[in-house]
Amino acid sequence: MDSGAIHRKNERRPYGPLADSWRTYRLVAGMWIRSTMTYRASFALTLVTSFCVTFFDFVVILLMFGQVKGLGGFGFAEVALLYGTAGTSFGIADLTMGSLQRMGKRVRDGSLDTFLMRPAPLLAQVAADKFALRRFGRVAQGLLVLVWALLLLDVKVLLLPVTVASGTVIFASVMVLGASTLFWMQDAAEVTNSFTYGGNTLLQYPPTIFAQELVRGVVYVVPLAFVSWLPALYVLGRPAPAGVPEWAAFVSPLVAAVCCGVAGLAWRAGIRSYRSTGS
């Protein structure tokens, strides 16, 4: 079967029904998890390594607050809340959708054709392929810092579960959008990583230390501010950045839904443009 026939066969259902997508993702991810757990000692070592490597990011903040009492007007516990919220959301998104980083390679070498020939939703297959359970170390590290921050602070915690869930969807949508661009720019993986890994690093620090133009960019252009900054500022009782209404702290679920829609359209366009190796 040539690539054009493969494309036409799958063009009508780039995702498949939601239930089919979840079933496919669960089956493929489960296969990789069983493979990983065959070597439990190796898995435990890589999990601990992943936890420690990501924890070094927080060690930098600890060392920083060993020299200063505040950062952009924020205390240690407040920065820890920002760090934990963003880190947990990104960790879950990276755990579930991190395999999309390989899209550029799959488009270049034509291995994406293998996924297209299977009667299963493409996005679920690609996202679950080579599912790396070791990435749970990043999730655990973010949750640990978040819980620690909540123990140090007396804040409204009811908004935080919604914030983490919405932030996860926003990060995952950005990953899908970035993977979609790789249909045309196969070598642009590092550019897309700047919005995911780079965005996670950005959100771990208070918005007051960044230029207003950058803050506006992550509110109105790439809406990463809705992952943690805006909801966390409300939780901490701090004002929103200049020009941003206070009610923006509550629209993270709506922003997440819009991001899903945009990412879905981009993914559909990418699939339609695919013409096998060298496209």
Side-chain angles (χ1 to χ4, degrees), residues 18 61 70-94 96-97 139 142-143 145-178 192 194-266:
L18 183 60
I61 296 177
L71 183 62
F74 284 67
F76 169 73
E78 294 173 314
V79 174
L81 180 68
L82 294 175
Y83 180 99
T85 304
T88 303
S89 295
F90 176 75
I92 299 173
D94 189 47
T96 55
M97 308 296 286
V139 181
L143 279 173
V145 175
L146 180 58
V147 172
W148 186 12
L150 292 176
L151 292 176
L152 296 175
L153 294 166
D154 182 17
V155 295
K156 310 163 188 175
V157 299
L158 294 180
L159 186 61
L160 289 178
V162 177
T163 299
V164 171
S166 300
T168 299
V169 174
I170 292 172
F171 267 129
S173 298
V174 173
M175 290 177 180
V176 173
L177 183 60
T192 61
S194 67
F195 291 98
T196 51
Y197 289 90
N200 177 47
T201 301
L202 176 75
L203 297 175
Q204 292 171 357
Y205 295 90
T208 51
I209 69 174
F210 299 104
Q212 287 301 308
E213 291 77 12
L214 179 59
V215 175
R216 293 191 190 99
V218 295
V219 172
Y220 298 110
V221 182
V222 183
L224 295 177
F226 295 89
V227 172
S228 68
W229 272 357
L230 298 181
L233 290 175
Y234 173 80
V235 168
L236 294 171
R238 289 180 172 271
V244 180
E246 295 290 338
W247 51 260
F250 301 98
V251 299
S252 290
L254 178 60
V255 172
V258 172
C259 288
C260 277
V262 173
L265 292 174

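Between the side chain of Thr168 and the main chain of Ala93, no donor-acceptor pair closer than 3.5 Å is present. Ser166 places no side-chain N or O within donor-acceptor distance of the main-chain N or O of Thr163, the cut-off being under 3.5 Å.
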Give the C-alpha distance, both sets of side-chain angles, the deciding distance and a yes or no for side-chain contact (heavy atoms from CB on, under 4.5 Å) between Tyr220 and Val244. CA-CA 10 Å; Tyr220 298 110; Val244 180; 4.0 Å; yes
Could you walk me through whether Ser252 and Val162 pass the side-chain contact (heavy atoms from CB on, under 4.5 Å) check? CA-CA 8 Å; Ser252 290; Val162 177; 5.9 Å; no
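Shown here is Leu151, whose CG atom has more than 12 heavy atoms of other residues, nucleotides or ligands within 6.0 Å. Counting heavy atoms of neighbouring residues, nucleotides and ligands inside a 6.0 Å radius, atom CZ of Phe76 exceeds 12 of them.
Closest of all the heavy-atom pairs between Gln204 and Leu82 is O-CB, 4.1 Å. The two residues Val145 and Ala80 have their closest heavy-atom pair at CG1-O, 3.5 Å. Summarising the geometry of Gly72 relative to Ile209, their closest heavy-atom pair is CA-CG2, 3.7 Å, with the distance given to 0.1 Å. The two residues Phe226 and Ala248 come nearest to each other via the heavy atoms CE2-O, 3.5 Å. Heavy atoms only, all atoms of each residue included: Ala77 and Leu152 are closest at CB-CB, 3.8 Å. Smallest separation of non-hydrogen atoms from Gly73 and Glu78: O-OE1, 4.2 Å.
The OG1 atom of Thr85 lies 10.0 Å from the CG atom of Leu143; values are rounded to the nearest 0.5 Å. Residue Leu159 holds its CG atom at 10.5 Å from CG of Leu230, rounded to the nearest 0.5 Å. Note that CG of Leu177 and SG of Cys260 are 11.5 Å apart. Values are rounded to the nearest 0.5 Å. Taking OG1 of Thr208 as the reference point, atom CG of Leu71 lies at 7.0 Å (rounded to 0.5 Å). How far CG of Leu150 is from CG of Leu146: 4.5 Å, rounded to the nearest 0.5 Å.
Side-chain contact check for Phe90 versus Leu203: every heavy-atom pair is 4.5 Å or farther apart. The side-chain heavy atoms of Asp94 and Phe171, taken from C-beta on, include no pair separated by under 4.5 Å. With a 4.5 Å cut-off on side-chain heavy atoms, Pro241 and Leu233 count as touching. Within the 4.5 Å cutoff, the side chain of Leu214 has heavy atoms near those of the Leu202 side chain. For the pair Cys259/Val174, no side-chain contact is recorded, criterion being any heavy-atom separation below 4.5 Å from C-beta on. Residues Val262 and Ser173 form no side-chain contact, since every pair of their non-hydrogen atoms from C-beta on lies 4.5 Å or further apart. Inter-residue side-chain proximity for Leu153 and Val235 is flagged as unmet; no heavy-atom pair is nearer than 4.5 Å.
Between Phe210 and Tyr205, the gap from one ring centroid to the other reaches at least 6.0 Å. Checked against the 6.0 Å centroid threshold, Tyr83 and Trp148 do not count as a close aromatic pair.
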